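Residue numbers count from 1 along this sequence. Predicted, not measured: the structure shown is a model, and the values here were computed from it.
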Amino acid sequence: MYLLIAYATTDGQTRKIARFAADRLTAQGLSVELLNVEDAGGLDLTRFDAAILAGSLHVGGYQKALSRFVSDQRTGLALLPTLFL
C-alpha cells in the first residue's frame, strides 16, 4: 500500500506529527510519501492507495495552503480512503 501524508504547518509541530505517523507506518511495512502541501503542485493522487491529511487550527481556521490543497484535489481525494488529523 502506498500512502500519502500531506500536511500544512505553521510552527513546525504538524510536520513533526506527520513525520511520526510516516515513521510508524513505514515500520509496519507500508510505503509512505510525506509532502508539505505547499510543494504539491501537479501532484497525481492516482499514485496513492490512501491519504492522510494533517493540519492545525490557527485563529479559527486551518492553514490556507491546506484548504487550497483540499479544494484543488477534492476529486482525487474523494476516490481515496482519507484520514484527517
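Heavy-atom minimum distance, Leu34 versus Ala18: CD1-CB, 3.6 Å. Closest non-hydrogen pair, Phe69 versus Leu77, comes out as CE2-CD1, 4.4 Å. Looking at every heavy atom in both residues, Val37 comes nearest to Ala8 through CG2-CB, 3.8 Å. Minimum heavy-atom separation, Val32 to Ala22: CG1-CB, 3.8 Å. Across Ile52 and Leu25, no two heavy atoms sit closer than the pair CD1-CD1, 3.8 Å.
Within the model, atoms OG1 of Thr10 and CZ of Arg15 stand 10.5 Å from one another, a figure rounded to the nearest 0.5 Å.
Counting only heavy atoms from C-beta outward, the side chains of Leu3 and Glu33 never approach each other to under 4.5 Å. Within the 4.5 Å cutoff, side-chain heavy atoms of Leu35 are placed close to those of Leu4. Considering only heavy atoms from C-beta on, Ile17 comes within 4.5 Å of Leu85 through its side chain. Looking at heavy atoms from C-beta onward, Leu66 lies out of side-chain contact with Tyr7 at the 4.5 angstrom threshold.
Looking only at distances, a side-chain donor or acceptor of Arg74 sits under 3.5 Å from a matching main-chain atom of Ser71. Between the Asn36 side chain and the Glu38 main chain, a donor and an acceptor come within less than 3.5 Å of each other.
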Requested in this report: Kindly determine whether Phe48 and Ile5 satisfy side chain to side chain contact (heavy atoms under 4.5 Å, CB included), including the steps that lead there.
Outcome: CA-CA 10 Å; Phe48 301 99; Ile5 299 179; over 6 Å; no
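Put simply, Leu57 and Leu53 are part of the same group of oily side chains (I, L, V, M, F, W, Y) that touch within less than 4.5 Å, one to the next. Follow the hydrophobic side-chain contacts under 4.5 Å out from Leu79 and you never reach Val70; the two are in separate clusters. Cluster annotation: Leu83 and Leu45 are assigned to distinct hydrophobic clusters (Ile/Leu/Val/Met/Phe/Trp/Tyr, side-chain heavy-atom contacts under 4.5 Å, transitive). Under a hydrophobic clustering in which Ile, Leu, Val, Met, Phe, Trp and Tyr are joined whenever their side-chain heavy atoms come within less than 4.5 Å, directly or via other members, Met1 and Leu80 fall into different clusters.
Phe84 and Tyr62 have their aromatic ring centers within a separation under 6.0 angstrom.
Side chains of Thr9 and Gln63: a donor-acceptor N/O pair is absent below 3.5 angstrom, by distance only.
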